[in-house]
Amino acid sequence: MPHWRDVVINALLFQGLWFAAILSGWQWALLPLGLMLVHVIVISERPWQVLAPLIPAFLLGGFMDAMLHGFGVFAFEARQLEMQIAGLPLFLAIIWLGFLLTLPVSLKRFVTKPRWFVLMCALLAPLSYRAGAALGAVQLSEHWLWYLVPLWAFFGWYLSYQQGVVRFEKDLTRRCLADFSRGAGKYPD
């Protein structure tokens, strides 16, 4: 588990990123995103093993929000749509990257407990969209808010499963290397 100091730093950087992206736009959110990335790299023993699983999660989450935008679940102002990545406003893509960088640090304790993490995602993610709407970053119809609950429950399950698979593969690799170095000469079953 990450040290409590790293958890607090990671969580505060994400909050700074979220507010910068929502209130000021993507340009100001790049600074906390860069700091989060450097922080995760510095505190990780194997940064690539921590960051690589976040790539498919970013693609899935970005696709999910781009699809919701395409279906009219939420809308953005024209100025927010000037900079896009595959139909996703850049400020939202940066929020996604920041959120995913919280998984191995400040949310690690929750991600490893799938039931709690799925419940957290299902309840808190729609509230994040609602807070963004209240601050004027997105136009969101209240009746659509309930459709985000099962969607985010699924995404929470996916993230919890994905992080668990990574942990399992890391443990299996460590056991295989330890057995092989002791002269067992074969991989464990």
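FYI, side chains are in, hydrogens and waters are out, and symmetry mates aren't considered; it's all heavy atoms of this structure. Since the structure is predicted, the reported quantities are computational estimates derived from the model, not experimental observations.
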Picking from V111, N10, V50, what satisfies side-chain contact (heavy atoms from CB on, under 4.5 Å) with L103?
V111
Check whether any side-chain heavy atom of [X] lies under 4.5 Å from a side-chain heavy atom of [Y], and answer yes or no.
X	Y	result
Y129	L148	yes
M120	L107	yes
L51	L37	yes
D65	F74	yes
M36	F14	yes

Non-hydrogen atoms of [X] and [Y] that approach each other most closely:
X	Y	value
L33	G98	CD1-N, 3.8 Å
A75	V138	O-CG2, 3.4 Å
P47	I41	CG-O, 3.7 Å
W18	A131	CH2-CB, 3.8 Å
L88	G62	CD2-CA, 3.7 Å

So, the side chain of S128 versus the backbone of L124: is there a donor-acceptor pair under 3.5 Å, distance only?
no
If the plane angle is over 60° it's perpendicular, under 30° parallel, otherwise tilted; pick one for F76 and F91.
perpendicular
Out of the candidates F99, W96, Y161, only one should pair with F155 under the ring pair (Phe, Tyr, Trp, His ring centres under 6.0 Å) rule; please name it.
W96
Between I43 and L101, is there shared hydrophobic-cluster membership here, with clusters defined by ILVMFWY side-chain heavy atoms closer than 4.5 Å?
yes
So, taking the atom named CZ in F19 and the one named CD1 in I95, what distance separates them when rounded to the nearest 0.5 Å?
10.5 Å
